[in-house]
Peer 1: 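Take a look at this one; I'll ask things after.
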Amino acid sequence: MITHPQNPSIGVLLFSLKGAVLQVIWKKVLFTILISSVVMATHGTVYNYKVLLTATPFTMWGLTLAIFLGFRNTVAYQRFWEARTLWGELLIATRNLTRQASSLLPELNRAERLELVNPLVGFAYTMRDHLRGDPPGADARRLLDPAALEALDGVGNRPNRLLGLLGRRFMDAARNAGAGEVIQTGFDAQLTRMSIAFGGCERIKSTPIPYPYILMLHRVVHIYCFLLPFCLVDSIGWFTPVAVGVLAYTFFGLDALGDQIADPFDTHPNDLPLNALCRGIEISAMELLGEPAPAPELPVDGVLL
Amino acid sequence: MITHPQNPSIGVLLFSLKGAVLQVIWKKVLFTILISSVVMATHGTVYNYKVLLTATPFTMWGLTLAIFLGFRNTVAYQRFWEARTLWGELLIATRNLTRQASSLLPELNRAERLELVNPLVGFAYTMRDHLRGDPPGADARRLLDPAALEALDGVGNRPNRLLGLLGRRFMDAARNAGAGEVIQTGFDAQLTRMSIAFGGCERIKSTPIPYPYILMLHRVVHIYCFLLPFCLVDSIGWFTPVAVGVLAYTFFGLDALGDQIADPFDTHPNDLPLNALCRGIEISAMELLGEPAPAPELPVDGVLL
Amino acid sequence: MITHPQNPSIGVLLFSLKGAVLQVIWKKVLFTILISSVVMATHGTVYNYKVLLTATPFTMWGLTLAIFLGFRNTVAYQRFWEARTLWGELLIATRNLTRQASSLLPELNRAERLELVNPLVGFAYTMRDHLRGDPPGADARRLLDPAALEALDGVGNRPNRLLGLLGRRFMDAARNAGAGEVIQTGFDAQLTRMSIAFGGCERIKSTPIPYPYILMLHRVVHIYCFLLPFCLVDSIGWFTPVAVGVLAYTFFGLDALGDQIADPFDTHPNDLPLNALCRGIEISAMELLGEPAPAPELPVDGVLL
Amino acid sequence: MITHPQNPSIGVLLFSLKGAVLQVIWKKVLFTILISSVVMATHGTVYNYKVLLTATPFTMWGLTLAIFLGFRNTVAYQRFWEARTLWGELLIATRNLTRQASSLLPELNRAERLELVNPLVGFAYTMRDHLRGDPPGADARRLLDPAALEALDGVGNRPNRLLGLLGRRFMDAARNAGAGEVIQTGFDAQLTRMSIAFGGCERIKSTPIPYPYILMLHRVVHIYCFLLPFCLVDSIGWFTPVAVGVLAYTFFGLDALGDQIADPFDTHPNDLPLNALCRGIEISAMELLGEPAPAPELPVDGVLL
Amino acid sequence: MITHPQNPSIGVLLFSLKGAVLQVIWKKVLFTILISSVVMATHGTVYNYKVLLTATPFTMWGLTLAIFLGFRNTVAYQRFWEARTLWGELLIATRNLTRQASSLLPELNRAERLELVNPLVGFAYTMRDHLRGDPPGADARRLLDPAALEALDGVGNRPNRLLGLLGRRFMDAARNAGAGEVIQTGFDAQLTRMSIAFGGCERIKSTPIPYPYILMLHRVVHIYCFLLPFCLVDSIGWFTPVAVGVLAYTFFGLDALGDQIADPFDTHPNDLPLNALCRGIEISAMELLGEPAPAPELPVDGVLL
């Protein structure tokens with residue numbers, strides 16, 4: 001996630017290169033500008049044949065293009081925001097379980113509580129690593145005890161397995177503390193909430209926007225941008241490369257941004273800051289228990305991962 | 001579901017035929033290109049009569065067309081995504097029940113647990129087969145015990161009946177293990193969740209987008225594409241077939257894609273990968289129990305079914 | 001509900017009259033075509049006065065028209081789909097209660113179970129009849145026992161009263177079977193779900209889209225279609241009636257379809273198939289109990305009611 | 001709420017004045033028609049200076065205007081529909097509590113039940129009066145007993161206080177009838193539902209659409225309509241006043257309608273029929289108890305309040 | 001929040017400066033008007049070079065601009081409204097807990113009840129201060145007892161910690177009053193609701209709209225507005241500055257308003273009135289307990305903070 005500068009000046013807004021989108025698309029934009037310049041130089045003539053293109057087909061293509069771009073953009077953002085909301089759910093469920101571990105089981109001592117809460121926090125890190133396709137990293141291994149780590153060994157879906165383990169531990173702790181079925185199912189309800197958050201993230205990860213949308217959108221955008229100079233050159237002359245360049249910047253930019261935020265669990269600058277979210281979950285749980293909490297993740301170079 | 005290639009080159013994006021949409025619509029697109037070519041050759045004259053068409057009626061038709069296409073596209077995707085979410089719900093409910101079968105009923109032994117969880121996993125396969133209009137397939141028969149299979153025999157709505165059976169078995173297991181009403185209703189809440197997922201999929205399956213939408217959309221799209229050459233031929237000449245072809249590709253493509261994803265339980269390449277989802281449910285449940293899990297489904301030729 | 005033909009040919013799609021919309025609007029469409037023909041014949045002259053209309057006002061009216069049509073269309077479909085979802089909820093709740101009547105109260109015998117489930121299924125039929133403004137029909141009377149029928153006699157809101165009766169019966173059955181408060185409130189939760197489904201349908205039924213929307217939309221659509229020929233006649237000549245006819249078909253068609261699906265409980269061909277839904281609920285409940293189930297409703301002439 | 005006429009004739013639709021919007025905006029529409037007529041008479045000349053305005057700036061202004069109008073319209077309707085849904089929730093919760101008062105507490109006699117249900121119904125009337133900024137009216141005072149009325153005396157937020165009172169009474173009744181914690185929290189869950197419905201209505205009431213939206217929308221609409229004649233006069237001549245009048249009617253009408261339904265608790269003809277909704281709640285509760293129910297509210301002059 | 005004037009006159013609507021948006025953007029709008037005036041004076045000539053710009057590129061840029069502006073506007077409002085809804089949730093949960101503290105624990109005396117409810121109300125103020133980046137202010141310190149204040153000392157996330165404390169106190173009170181697990185988990189459910197409201201607000205606060213959207217939107221808007229005069233000057237002459245000024249007002253205004261309401265917890269005039277909301281929570285809780293309540297916050301200069 002790119003952290004917004006506070007009150008950026010117009011200069012920053014207009015000329016800053018730090019949007020993480022221009023780096024991806026500058027070649028395509030430059031290419032369309034080059035095409036436009038050539039078209040401008042030849043006055044739209046290819047092999048001595050004048051290409052006549054009015055604005056009419058572009059207006060008609062624009063009809064579907066607007067539907068495609070608007071749809072793709074909305075869906076990509078919805079995926080991004082749903083993923084963020086699901087991580088918020090995980091934070092809330094972790095807090096609830098930590099709170100309940102004190103309020104509903106007041107008999108537990110500090111060590112017993114930490115034994116429950118540490119793997120709970122470890123779940124967030126394990127889920128992050130799983131969504132990024134990595135094995136459990138240093139943070140997960142720091143928080144999970146040997147028994148838990150062993151249980152995850154060689155398993156395909158580690159967060160799923162860990163959640164099963166957490167279920168057994170919380171129920172055992174509840175039963176040992178003399179809590180009845182109501183409190184047990186109360187804990188279970190929060191584990192279900194975690195299960196929903198995890199299952200939702202898996203769903204977003206495993207089901208991309210149907211490929212033909214991406215394919216058709218790419219094709220129409222490319223055709224549109226590469227043919228546009230022939231349409232504009234007769235009416236606006238040397239301004240053609242500027243006009244086409246601006247349009248290509250927004251079309252390719254919207255497209256590239258959609259690509260990035262539609263799959264928000266990677267480590268691109270515009271993805272969700274999973275490291276910071278996991279750390280936030282750890283801080284929340286530790287502060288609830290009155291334990292020393294680690295420092296929050298800080299943005300590096302304006303980017304929070 | 002077509003699996004996205006990682007970082008496809010521009011060449012792949014522009015010229016790949018693997019979108020599963022072009023195969024469906026190429027005849028219509030070709031036909032409009034042919035019409036356009038004829039119109040171009042005759043300069044828009046039919047039986048010595050010059051057809052005069054300006055862009056104005058197309059702009060006006062475009063108004064409703066944009067509403068139709070945008071609406072249809074949004075609704076089709078919502079159906080696709082809701083269906084995917086409901087299958088995610090089924091996964092989550094199956095995991096929850098499997099987790100609860102260990103954590104809330106710790107007295108069960110391995111065989112008793114498998115007796116509960118196997119038909120639970122079998123429910124997913126039965127639901128898949130039912131939504132595809134098939135009888136219970138090899139997977140369902142592998143996981144369901146003879147008693148369960150017999151109960152499903154000759155029944156119209158098998159998943160419904162199986163859910164009733166699962167209800168009785170889970171409650172019996174709970175009562176036998178000495179669990180009280182709270183834990184029983186806890187199990188029942190997850191069965192209700194499965195009932196919701198199944199009922200939702202049935203709703204999507206049995207209630208298509210109202211037919212007049214499809215009819216009107218088809219008609220306007222066809223009229224638009226077949227008349228467009230007469231409008232364009234005077235201003236853009238030999239470019240007419242290209243312009244009309246691109247437009248027909250997006251119009252018919254959007255329409256065909258909408259058809260495919262609006263009814264996402266079939267086995268078209270753009271439908272939901274129900275086989276892979278069912279397998280994922282089985283793996284999840286088995287890993288939670290510490291049992292050996294089957295290998296995940298892999299895409300064949302870039303398509304996951 | 002009109003059942004979609006499987007793989008309709010282009011001929012069917014273009015020339016079929018079975019959309020249930022053309023029957024409603026053909027007079028208006030024909031009238032605009034007639035006006036257009038007259039305008040074409042007189043070259044846009046009324047009483048020797050040439051009416052000069054450019055495309056500009058139509059573009060501007062198109063701005064609000066697009067907002068009106070898009071809004072009305074979206075809202076109408078949302079009402080249709082919400083109503084369908086609520087009926088799905090009713091199906092799910094009926095199934096849950098039937099399942100719970102076996103799994104949570106295993107002591108009940110077959111007759112006692114049917115005594116509970118028959119009026120439960122009767123509720124769906126009663127709700128259908130109420131939403132259509134009819135008294136309880138043959139199906140409801142078949143399933144409700146004399147005591148229940150008597151309780152509904154002379155009551156304004158029969159489903160509401162019946163739900164109260166169901167509440168008392170399920171609680172009595174639970175108490176008689178020795179079930180505690182948890183199971184009682186478990187039953188009550190499903191009755192609440194039915195109450196939500198019924199209340200939601202009543203809301204849709206009793207609160208139409210605010211009348212001024214319909215009024216303004218109708219007015220602008222009519223003015224647009226009746227004046228359009230004067231704008232087009234100078235540029236596209238004899239093609240004017242075709243262009244106006246196509247536009248009128250989509251405008252009036254979208255409007256008429258919106259009217260039909262916005263109030264989806266009637267017996268128009270595009271309304272919800274309440275008969276089939278009720279029958280489906282009955283089949284589901286009977287199959288769950290292992291009782292003989294009636295045959296599903298079949299479409300008559302391509303229409304499922 | 002204006003009740004839709006059944007199958008209105010085209011004459012009614014086109015010329016009826018009963019939309020409750022034209023009464024509000026006719027002055028503005030007339031004013032723009034007057035301006036247009038003057039512009040037409042002077043051929044767009046102001047003080048001997050010819051105002052030259054092409055359609056281009058209007059097209060550009062139309063871009064933001066479409067965003068503004070569409071957004072405002074959607075948000076206003078969402079507020080209207082959410083408010084209606086919350087009142088539906090209140091109806092459902094009242095029914096549930098009434099049902100539970102019979103089914104879960106079968107020991108209560110008729111008088112005790114009425115003592116619980118009467119103030120429950122009184123809550124709806126009190127909430128209506130509160131949302132309209134009125135003190136408890138005749139209906140509320142009819143249903144609330146002296147103790148309840150006294151408790152509301154001098155309180156700022158009467159529904160909130162009344163809900164607290166209902167909570168205490170239902171719990172007392174449950175405890176007196178020997179019901180345990182599960183049934184008590186079951187009642188409390190329905191009271192929470194009522195609390196949600198009330199809190200949601202308060203939210204809509206107290207948080208209008210941000211003022212700058214209204215301000216900017218008004219300004220652009222006025223500028224657009226007042227300048228439009230200068231653009232149209234040269235091309236469409238004497239038709240200018242008609243074209244501008246139609247546009248002004250839809251722009252100002254959409255705006256006025258948005259104003260009315262965005263704050264749906266007042267007594268404008270397009271607001272929610274709170275009187276009828278409250279009466280419906282009373283009828284529902286009384287019919288559930290088998291008590292005589294009052295007659296439903298009927299529309300007066302086509303308007304249901 | 002700016003409180004809407006009741007029935008503002010047209011004069012107020014057109015010329016009022018109190019929208020809190022014009023103050024932010026007047027420099028940019030003035031600058032575009034100045035550019036337009038210079039362009040008008042030089043007839044679009046820069047350094048003796050005539051800049052030829054037709055409307056075509058603006059129409060094409062308008063395509064993406066409409067998508068960007070509409071998207072950004074919708075998302076910003078959704079964030080605003082979700083934040084408002086979450087604060088409404090907090091109000092509802094506080095009322096529920098206060099109601100339950102009387103109805104479910106009737107044994108508590110007045111002081112014990114206030115000991116529970118005062119920090120509950122203090123939570124709202126603490127959450128407001130936290131979201132604004134402030135330490136607990138006078139209101140929070142007034143309502144929290146020394147033990148609670150001490151627990152929050154030096155903690156990074158104070159509302160989180162306070163919620164943990166509230167959990168322990170409510171459970172202790174319930175246990176001391178002899179309430180069982182059901183009532184304890186009933187209280188816990190409302191605390192979870194508060195946890196959800198708080199976590200949701202944190203999510204909105206910590207995850208802005210992805211930066212590239214803002215960047216691209218700003219760039220296109222600026223380029224559009226600064227180049228527009230060259231396009232308009234030839235056709236509409238001296239009217240250019242007016243047309244460009246109106247457009248710049250809506251573009252920059254929509255952008256600035258989006259900025260303000262997308263992050264609704266600050267103290268800008270268009271942000272949520274958190275002070276008034278907290279005060280409303282306090283009044284509600286006190287009125288429920290029959291305690292003297294403070295006066296509601298009133299708007300200062302038409303702005304409620």
Side-chain angles (χ1 to χ4, degrees), chain A residues 28 51-54 56-57 59-61 63-68 70-71 74-75 151 155-157 160-161 163-164 166-172 175 180-182 184-185 188-189 191-192 195-196 198-200 202-203 206-216 218-220 222-223 227 230, chain B residues 1-4 10 13-14 16 19-21 55 58-59 62 65-66 69-70 73-74 77 80 84-85 88-89 91-92 95-96 98-100 102-104 106 179-183 186 190 228 231-232 235-237 239 243 246-247 249-251 253-254 257 261 270 272 283-284 287-288 293 296:
Chain A
K28 288 187 191 172
V51 179
L52 262 178
L53 263 181
T54 62
T56 310
T59 308
M60 283 154 181
W61 295 343
L63 190 82
T64 38
L65 202 50
I67 293 174
F68 270 122
F71 167 74
T74 306
V75 169
V155 169
N157 193 326
N160 173 39
R161 181 76 182 266
L163 207 53
L166 284 171
R168 235 163 308 147
R169 291 198 182 176
F170 267 86
M171 293 316 137
D172 287 347
R175 272 188 291 262
E181 291 191 344
V182 172
Q184 288 176 45
T185 50
D188 194 74
L191 292 169
T192 292
S195 178
I196 290 171
F198 172 54
E202 275 183 300
R203 167 168 46 86
S206 72
T207 312
I209 298 175
Y211 187 51
Y213 280 116
I214 310 300
L215 211 60
M216 284 201 266
H218 267 84
R219 284 174 180 170
V220 182
H222 281 86
I223 293 173
L227 289 179
F230 295 98
Chain B
M1 194 185 73
I2 300 173
T3 51
H4 284 216
I10 288 190
L13 281 175
L14 291 188
S16 153
V21 160
F58 291 92
T59 309
L65 203 49
L69 274 176
N73 189 38
T74 306
Y77 182 76
F80 172 83
R84 179 61 188 85
T85 305
E89 275 290 289
L91 168 68
I92 292 167
R95 282 178 181 167
N96 288 349
T98 310
R99 187 185 71 237
Q100 293 174 338
S102 328
S103 65
L104 296 178
E181 292 191 344
V182 172
I183 282 180
Q190 301 301 328
L228 187 55
C231 160
L232 293 180
S235 55
I236 63 170
F239 205 76
V246 169
L247 199 78
Y249 168 63
T250 58
F251 274 8
L254 209 50
L257 183 55
I261 68 173
N270 284 310
L272 285 176
I283 296 173
S284 272
E287 285 191 351
L288 265 177

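Numbered from 1 within each chain, the chains take letters A, B, ... in sequence-line order. Keep in mind that this is a model prediction, so the values were computed, not measured.
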Peer 1: If you count heavy-atom pairs within less than 4.5 Å of chain B, which of Val182(A), Leu65(A), Ile196(A) leads?
Peer 2: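 If we count pairs closer than 4.5 Å to chain B, Ile196(A) comes out on top.
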Peer 1: As an exercise: rank Phe58(B), Phe251(B), Tyr77(B) by heavy-atom pairs under 4.5 Å with chain A and give me the winner.
Peer 2: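 When all of Phe58(B), Phe251(B), Tyr77(B) are compared, Tyr77(B) has the most.
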Peer 1: Specify the closest pair of heavy atoms between His218(A) and His222(A), including all atoms of both residues, with the distance to one decimal.
Peer 2: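 Taking His218(A) first and His222(A) second, the nearest heavy atoms are O-ND1, 2.7 Å.
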Peer 1: Checking the side chain of Glu287(B) only, and the main-chain atoms of Gly156(A) only, is there a donor and an acceptor separated by less than 3.5 Å?
Peer 2: yes
Peer 1: Is chain A contacted by the side chain of Ile183(B), its backbone, both, or neither, given a heavy-atom distance below 4.5 Å?
Peer 2: both
Peer 1: In terms of heavy-atom pairs under 4.5 Å, which option from Ala55(B), Gly62(B), Cys231(B) contacts chain A the most?
Peer 2: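 Of Ala55(B), Gly62(B), Cys231(B), Gly62(B) has the most heavy-atom pairs under 4.5 Å with chain A.
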Peer 1: Mind listing the closest non-hydrogen atom pair of Val21(B) and Gly253(B) along with its distance?
Peer 2: CG1-CA, 3.7 Å
Peer 1: Which heavy-atom pair separates Thr192(A) from Arg99(B) by the least distance, and what is that distance?
Peer 2: OG1-NH2, 3.2 Å
Peer 1: Just checking, any donor-acceptor pair under 3.5 angstrom between side chains of Glu202(A) and Asn157(A)?
Peer 2: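 On atom types as modelled, these side chains qualify, holding a pair under 3.5 Å.
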Peer 1: Could I get the full list of side-chain hydrogen bond (donor to acceptor under 3.5 Å, both in side chains) partners for Thr207(A), not counting sequence neighbours?
Peer 2: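 Thr207(A) satisfies side-chain hydrogen bond (donor to acceptor under 3.5 Å, both in side chains) with Arg84(B) only.
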Peer 1: Tell me, for Thr98(B) versus chain A, whether the close heavy atoms (under 4.5 Å) come from the side chain, the backbone, both or neither.
Peer 2: neither
Peer 1: For Glu89(B), check salt bridge (Lys or Arg N to Asp or Glu O under 4.0 Å) against everything at least two apart and list the hits.
Peer 2: Arg193(B)
Peer 1: Locate the shortest heavy-atom distance separating Tyr211(A) from Ile2(B); write the atom from each residue and the value.
Peer 2: CD2-CG2, 3.6 Å
Peer 1: What part of Leu254(B) gets within 4.5 angstrom of chain A, counting heavy atoms only: side chain, backbone, both, or neither?
Peer 2: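 Both backbone and side chain.
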Peer 1: Side chain, backbone, both or neither: which part of Arg175(A) has a heavy atom under 4.5 Å from chain B?
Peer 2: side chain
Peer 1: In terms of heavy-atom proximity below 4.5 Å to chain A, should Phe80(B) be classed as side chain, backbone, both, or neither?
Peer 2: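 For Phe80(B), the side chain is the part near chain A, not the backbone.
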Peer 1: Against chain B, label Phe68(A) side chain, backbone, both or neither, depending on which of its atoms sit under 4.5 Å from a heavy atom there.
Peer 2: side chain
Peer 1: Specify which of Leu69(B), Val246(B), Leu232(B) makes the most heavy-atom pairs with chain A at under 4.5 Å.
Peer 2: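 Heavy-atom pairs under 4.5 Å are most numerous for Val246(B).
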Peer 1: Side chain, backbone, both or neither: which part of Ala179(B) has a heavy atom under 4.5 Å from chain A?
Peer 2: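 Both backbone and side chain.
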Peer 1: Can you tell which of Gly180(B), Pro296(B), Gly70(B) has the highest number of heavy-atom pairs within less than 4.5 Å of chain A?
Peer 2: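 Option with the top pair count is Gly180(B).
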Peer 1: At their closest point, which heavy atom of Met1(B) faces which heavy atom of Ser206(A), and how far apart are they?
Peer 2: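 Here Met1(B) and Ser206(A) meet closest at CE-O, 3.4 Å.
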Peer 1: Where does Glu181(B) contact chain A at under 4.5 Å (heavy atoms): side chain, backbone, both or neither?
Peer 2: backbone
Peer 1: Keeping Ser195(A) on the side-chain end and Leu191(A) on the backbone end, is there a donor-acceptor pair under 3.5 Å?
Peer 2: no
Peer 1: Please look at Leu53(A) and chain B and tell me whether the side chain, the backbone, both or neither of the residue comes under 4.5 angstrom of a heavy atom of that chain.
Peer 2: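 Backbone plus side chain of Leu53(A), per the 4.5 Å heavy-atom cut-off to chain B.
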Peer 1: Under a 4.5 Å heavy-atom cut-off, does chain A meet the side chain of Leu91(B), its backbone, both or neither?
Peer 2: side chain
